[in-house]
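In what follows, a structure is listed as structure tokens, so that the remarks can point back to it.
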Amino acid sequence: MTVPPPAWANLIEGLTLLAEHPANPGYPLDIEHGQLFVLADAKSFTDEELSHLETLGFTVNRDSEYYAFRFDSAGA
């Protein structure tokens with residue numbers, strides 16, 4: 001089995017954690033201008049989970065918005 005590159009592994013791990021507390025299960029993601037937004041409620045996560053998401057490359061806004069430039073279409 002091939003090991004995924006670190007960015008792929010972080011994206012999968014982050015989305016798996018985010019899926020545990022969905023705010024919009026029908027439409028969990030939004031992509032605007034190459035930026036991935038995850039529609040989840042920040043208030044439902046522990047401080048440890050939020051810290052871990054930031055380590056994985058997801059910036060967490062306490063107003064229930066998660067976004068990631070690390071996984072954008074331009075590869076920045």
Side-chain angles (χ1 to χ4, degrees):
M1 180 174 178
T2 304
V3 175
W8 276 97
N10 292 159
L11 176 62
I12 292 165
E13 184 178 351
L15 290 174
T16 300
L17 177 57
L18 289 162
E20 293 177 12
H21 306 284
N24 189 340
Y27 300 94
L29 302 173
D30 185 24
I31 299 173
E32 296 179 22
H33 307 289
Q35 187 175 9
L36 172 68
F37 289 89
V38 180
L39 307 176
D41 183 3
K43 296 172 190 88
S44 67
F45 290 82
T46 66
D47 287 339
E48 292 79 21
E49 289 172 321
L50 293 174
S51 177
H52 188 59
L53 284 167
E54 296 228 3
T55 300
L56 294 172
F58 291 85
T59 301
V60 178
N61 177 326
R62 295 292 178 157
D63 294 326
S64 300
E65 193 173 86
Y66 299 80
Y67 57 91
F69 283 114
R70 182 175 181 208
F71 312 107
D72 72 4
S73 60

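Count residues from 1 along the sequence.
Taking the side chain to side chain contact (heavy atoms under 4.5 Å, CB included) definition, one finds that I12 meets it with T16, sequence neighbours left out. When the ring-ring contact (aromatic ring centres under 6.0 Å, His included) test is applied to H52, no partner is found at least two apart in sequence or on another chain. Qualifying side chain to side chain contact (heavy atoms under 4.5 Å, CB included) partners for E20, counting only residues two or more places apart in sequence or in other chains: L17, E49.
L56 and E13 get closest at one heavy-atom pair: CD2-OE1, 3.7 Å. A pairwise comparison of heavy atoms in F45 and A40 identifies CE1-CB, 4.1 Å as the closest pair.
Side-chain contact between L11 and F58 is present, with at least one heavy-atom pair separated by less than 4.5 Å.
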